[in-house]
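As the structure lists them, so they are numbered: ligands from 1, and atoms in each ligand from 1.
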Amino acid sequence: MFAHPDDAETAVGGSLLTWAAEGWEITLCVITDGDKGTNDPADSRRAVIERRRREQTAAAARLGAAVIYLGYEDGALQPTLDLRRDLVRVMRRVRPLRVVANDPTVWFRHGLYINHPDHRAAGQAVVEAAYPAVKKASIFPELLAEGCEPHVVEEIWLSPTDEPDTWVDISGVFDAKIDLICDHASQFSRESTRAAFSRIASAAGQPRSLAAAESFRTLRLAANTVRALAGE
Ligand SMILES: [Zn+2]
């Protein structure tokens with residue numbers, strides 16, 4: 001569950017390809033339309049949204065994933081209760097074992113750029129939806145009327161992160177990850193994308209001596225936190 005079209009592919013595309021090959025069923029949830037993703041003042045908002053959805057749909061098809069669009073405005077995302085409710089609705093309908101999102105605590109990357117505020121807002125909203133709202137019927141009771149029953153998300157995987165505890169070796173799928181990213185043709189040129197993501201994958205893999213990796217900060221959630229802490 002990520003802020004923009006292309007966020008899932010850039011942050012965790014190699015892991016998604018790996019999991020898809022292992023037989024995992026994948027649903028992408030794209031929170032904003034990516035409607036600020038143009039430098040051409042003649043581009044209409046509608047045209048940008050259509051282009052970005054077309055690109056995202058192509059990437060999802062390559063991955064064999066379903067895709068859900070929430071239609072929020074690009075560049076203005078906030079971790080509001082409305083967004084939390086929308087994310088809870090998706091989690092209760094899709095009922096995922098594992099939810100993947102941006103680490104909301106990441107402000108700066110590679111000494112080169114500031115993490116997009118939409119990424120932090122999306123990560124925060126996803127984490128706040130996953131606990132406790134998704135599993136408590138009394139939170140957003142209106143969702144029950146829609147048939148969205150409570151659900152326990154077992155795992156949260158956050159990336160990119162400055163506090164990794166889990167690494168996925170993406171050496172074997174690195175080229176396919178670049179293809180996936182380049183499905184977003186309005187945003188990425190192949191040559192610089194390959195060079196940039198090769199550097200990112202190499203840096204992520206360094207702590208585990210992997211040539212190319214994606215790293216995650218993970219949480220294993222339990223239906224009852226107190227019992228889990230008690231070791232039951
Ligand atoms: Zn983004």
Side-chain angles (χ1 to χ4, degrees), residues 1-17 26-40 43 45 47-60 62-63 65 67-80 83-84 86-87 90 99-129 156-162 164 170 177-190 192-201 203-204 214-217:
M1 308 180 99
F2 287 87
H4 307 121
D6 79 40
D7 284 352
E9 292 81 356
T10 52
V12 300
S15 302
L16 294 177
L17 286 159
I26 296 169
T27 300
L28 304 177
C29 177
V30 182
I31 297 169
T32 80
D33 282 325
D35 46 288
K36 304 300 192 303
T38 181
N39 292 317
D40 180 355
D43 249 349
R45 182 163 186 266
V48 179
I49 291 172
E50 283 174 7
R51 185 187 310 131
R52 300 214 65 185
R53 285 209 178 179
R54 209 165 40 240
E55 293 171 349
Q56 182 63 72
T57 302
R62 186 190 292 280
L63 204 48
V67 54
I68 294 169
Y69 298 100
L70 294 187
Y72 280 76
E73 184 185 354
D74 186 0
L77 198 64
Q78 292 289 312
T80 61
L83 175 56
R84 192 188 300 177
D86 284 343
L87 293 167
V90 172
V99 167
V100 186
N102 279 136
D103 183 337
T105 69
V106 171
W107 275 82
F108 312 112
R109 298 299 292 156
H110 306 288
L112 272 174
Y113 67 93
I114 298 165
N115 193 17
H116 195 303
D118 286 358
H119 296 173
R120 285 187 292 103
Q124 181 177 339
V126 171
V127 166
E128 290 173 344
I156 306 279
W157 290 49
L158 302 170
S159 185
T161 183
D162 295 324
I170 64 162
K177 172 173 178 171
I178 300 304
D179 291 340
L180 210 50
I181 294 171
C182 290
D183 280 333
H184 299 274
S186 68
Q187 308 297 309
F188 296 95
S189 69
R190 186 165 290 271
S192 52
T193 296
R194 172 172 284 283
F197 283 87
S198 169
R199 179 182 171 185
I200 290 168
E214 288 165 353
S215 61
F216 295 85
R217 179 182 201 175

**OP:** Check the angle between the aromatic planes of His184 and Phe188 and answer parallel, tilted or perpendicular using the 30° and 60° thresholds.
**Re:** perpendicular

Original post:
Do Asp103 and Arg120 meet the salt-bridge criterion of a basic N to acidic O distance under 4.0 Å?
Top reply: no

Original post:
At the Zn ion (ligand 1), what angle lies between atom NE2 of His119 and atom ND1 of His4, rounded to 10 degrees?
Top reply: 100°

Original post:
Has Asp118 got an N, O or S atom lying less than 2.8 Å from the Zn ion (ligand 1)?
Top reply: no

**OP:** Give the name of the N/O/S atom in Asp7 that lies closest to the Zn ion (ligand 1).
**Re:** OD1

Subject >> Leu28 side chain near Leu16 side chain, heavy-atom distance below 4.5 Å >> reply: yes

Subject >> Residues forming a side-chain contact (heavy atoms from CB on, under 4.5 Å) with Ile114, sequence neighbours excluded >> reply: Phe108

Original post:
N/O/S of His116 less than 2.8 Å from the Zn ion (ligand 1)?
Top reply: no

